[in-house]
Amino acid sequence: MGFVVTTLIFAVVGVIASLLVRICCSRGPSTNLLHLTLVVTAVVCCWMMWAIVYLAQMKPLIVPILSEGE
Amino acid sequence: MGDGGGYTTMDLLRSEPMQLAQLIIPIESAHCTVSYLGDLGLFQFKDLNAEKSPFQRTYAGQIKRCGEMARKLRFFREQMVKAGLLPSARSTINSNIDLDDLEVKLGELEAELLEINANNERLQRAYTELLEYKLVLQKAGEFFYSAQSIAAAQQKEFEVQQTGEGSIDSPLLLEQEMVTDPSKQVKLGFVSGLVPREKSMAFERIMFRATRGNVFLKQALVDDPVVDPVSGEKVEKNVFVIFFSGERAKIKILKICDAFGANRYPFTDDLGKQYQMITEVSGRLSELKTTIDAGLLHRSNLLRTIGYEYEQWNILVKKEKSIYTTLNMLSFDVTKKCLVAEGWCPVFASNQIQNALQQASFDSNSQVGAIFQVLQAKESPPTYFRTNKFTSAFQEIVDAYGVAKYQEANPGVYTIVTFPFLFAVMFGDWGHGICLLLATLYFILREKKFSSQKLGDIIEMTFGGRYVILMMAIFSIYTGLIYNEFFSVPFELFGPSAYGCRDHSCGDVTTMGLIKVHDTYPFGVDPTWHGTRSELPFLNSLKMKMSILLGVVQMNLGIILSYFNAKFFNDNLNIWYQFVPQMIFLNSLFGYLSLLIIVKWCTGSQADLYHVMIYMFLSPTDDLGENQLFSGQKFLQILLLFSALVAVPWMLFPKPFLLKKQYEERHQGQLYAMLHSTDDPLEEQLQHDSHGHEEFEFSEFFVHQLIHTIEFVLGAVSNTASYLRLWALSLAHSELSSVFYDKVLLLAWGYNNVIILVIGIIVFVFATIGVLLVMETLSAFLHALRLHWVEFQSKFYEGNGYKFSPFSFALVSEEDE
């Protein structure tokens, strides 16, 4: 799974989550907007965290060197 | 009001639109109206009699009455607690009691209770005194009995001696008479009683000294503690009998007895009388006992009947007191027939308030209804967010820093997600996350039970923040999966590791290391890293860069929110001379750094980013050499450096000058057209706020802007560095948990001994709970708090508003006495 595919998965999860929140607890436009903002912020945060860790391991400058004991 | 017409406003982003309203209430329905408004709880009364002292106000008398009733209720409560009866939880019997009836009733009950108490106390005192007396009779009786028998024996001996020696050495007649004639003997007096045991030694010594040894004091221990009649407490005591001679000695002794709190009781040396007294005392004791029991029963019955209705009365009295306190804030109409109230209420509540007013005037049979009208406000309205049980804890985090200015963008919206997220970046371990989740789920599932009872300080705080902890736990599980740590142990959950041996022999894995043979590990940190020699350099580099990236994104979000604020308040100056240069400055330095980090990761370049950033300032025109990451980098750097340098004066100079110009234009306009008034109260208020009627102080504005600019420029650097705490705390957390796992659990496992293993597990569990789950949670919480308060909110949040505090019975009854 490459970077783009997983990013797409995050996007899909984000869309599904927003839809679920919209359907399950729809309480007027202003509250829905709040819910949407929260879901989008959460998904963006999670995606960013994943993307940073993924990118850092793509072209490793340091490689794992096993300890002597093993 | 406001500028939110074009698009749907978001809940919680802006505080509720408020209005200043005036209520004109006929005097006969005032009480009822205020009571209904208290039930509604959406109207904040302004004190219109601020200049009057509490005693000068209209309803001071009623408040005093309520205070008196509250005092009586407190007295009942004390009595109930003393008697071990607790007032029953909210009784549902809803008899509509009048305040006046209640006052009479409370007075009667108090008098009755006081009388019963006084009687009981008297009886109790008599009872304990009799008990002590009985003890004295018993113990002192023993002295006398034994003393008499000894004396009789001596007497006999003496007589024998006398008859033997009388012939040789007979004393003079006078002397002989003195010895033998009992009527001429010195009359010895005695005092008997009880003295507290701890004082008995000192008592004896003082007695001895005061009378120069001319007393005989005998003490006997009383085995069981005795109830002291004066204090009513159980004290260990000694029975004493003092023999003395002479009236002066007696006076001294009595004084010393009083000083030592020794209770004296009359006593006779006649055995027959003693016996009679003991039976008499015992008879009286049993009589008193039945009387006291009957009294106590009566008292507890009375207290129980009070207990049934105590809560109801208590709430009623509190409500009435709050109603009269509120009525005192109202001022009289000129006709003295109406009360005038002013206060803030949310715009959405207008209808509810009007309904309450109508209902009140109907219920109090008032001839005229109350009038509700909206006034134009000069000062800034209070800030009111409609939060629910989930969002309120997050809003409190923001409010603890400062209450939002009226209608400014509320950081609470993003805090709901970013706060737990940044916490989790520092607390990434999905094992610990699950523990936290279970703990908070316990609170959430038993929410109803917990919210109804009183909790200790720490539990109360945890319970209040249960939804914050829930979010923190969920994000911790996520970041734990990313860090691939479960109590510091990695799992290959998402496919095989990307690393493998260089060749079949796998000989150089401890010197040259593994190489990447598969695709990158798809989700999170590769499990192979755990325990390798290069783990720390890799994780440090990763987490440090991650902190910078997350920090730059959050600071950008803060600056973008300042744009929405400026747009909302129609403040173009802030958009063009604050938001734009700030964006340019931050992103041309740290945005560029973030870009470099990502490019370096994507290309796998060996470039030294420190070097690049430092020489971007020192010698921007130099060739980058091997540190070049992409073509045209040198040109881009010069451009960015130039724009950052331009952004600083851009922030500093134009705004004060433009403000001055605006002021002058408006001032001229006012000269020509005094009648001109803006329809928009907010705009008028803005003018009022920023200029007032005073002279425009250019230097003040300039200095303010100078400070603001310096703060931002220096802050951009220091705030970015401050985000490195994410790296530091996350490193500390993972290192600590791996130490506990390796050095405690694995070490204990290695001994192959059940006892050591059990001890190891216990130590591991306590270390994990105490250090990682409690202390680390606290420290990560505090650091996340700081990142939000300082680094994020300083970009846009003014936080100089004041909270909407409506008159509400729900809040009144929650207050503690």
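Each chain gets a letter, A, B and so on, in the order the sequences are listed, and its residues count up from 1.
- For chain A, the option among B:L557, B:I598, B:V553, B:T528 with the highest count of heavy-atom pairs below 4.5 Å is B:V553.
- Heavy-atom pairs under 4.5 Å with chain A were tallied for B:I515, B:I597, B:D526; the largest tally goes to B:D526.
- Not a single donor-acceptor pair under 3.5 Å links the side chain of B:K545 to the backbone N or O of A:I52.
- To the nearest 0.5 Å, atoms OG1 (A:T6) and CZ (B:F494) are separated by 11.0 Å.
- No donor-acceptor pair under 3.5 Å is formed between the side chain of B:K516 and the backbone N or O of A:V63.
- Shown here for B:F475 and A:C46, the closest heavy-atom pair between the two residues is CE2-SG, 3.8 Å.
- In this structure, CG on A:L61 lies 6.0 Å from NZ on B:K600, to the nearest 0.5 angstrom.
- Side-chain atoms of B:Y499 do not come within 3.5 Å of backbone N or O of A:P64 as any donor-acceptor pair.
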Requested in this report: Show the numbers, then the answer: is there a side-chain contact (heavy atoms from CB on, under 4.5 Å) between A:T31 and B:D11?
Outcome: CA-CA 5 Å; A:T31 314; B:D11 260 13; 2.8 Å; yes

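- Both the backbone and the side chain of A:M49 come within less than 4.5 Å of a heavy atom in chain B.
- The structure places CG of B:L536 at 10.5 Å from CD1 of A:I62, a figure rounded to the nearest 0.5 Å.
- Residues of residues 602-612 of chain B lying under 4.5 angstrom from chain A, judged on non-hydrogen atoms, are B:C602, B:T603, B:G604, B:S605, B:Q606 by number.
- Rounding to the nearest 0.5 Å gives a distance of 6.0 Å between CG of B:L12 and CG of A:L34.
- Proximity of a side-chain donor or acceptor of B:W601 to a complementary backbone N or O of A:Y54 within less than 3.5 Å is not detected.
- Rounding to the nearest 0.5 Å places CZ of B:R14 at 13.5 Å from OG of A:S30.
- Classification of the B:F523-A:F10 ring pair by plane angle, with boundaries at 30° and 60°, yields parallel.
- For a residue to count as touching a neighbouring chain, one of its non-hydrogen atoms must lie under 4.5 Å from one of that chain's; by this rule A:T41 touches chain B with backbone and side chain alike.
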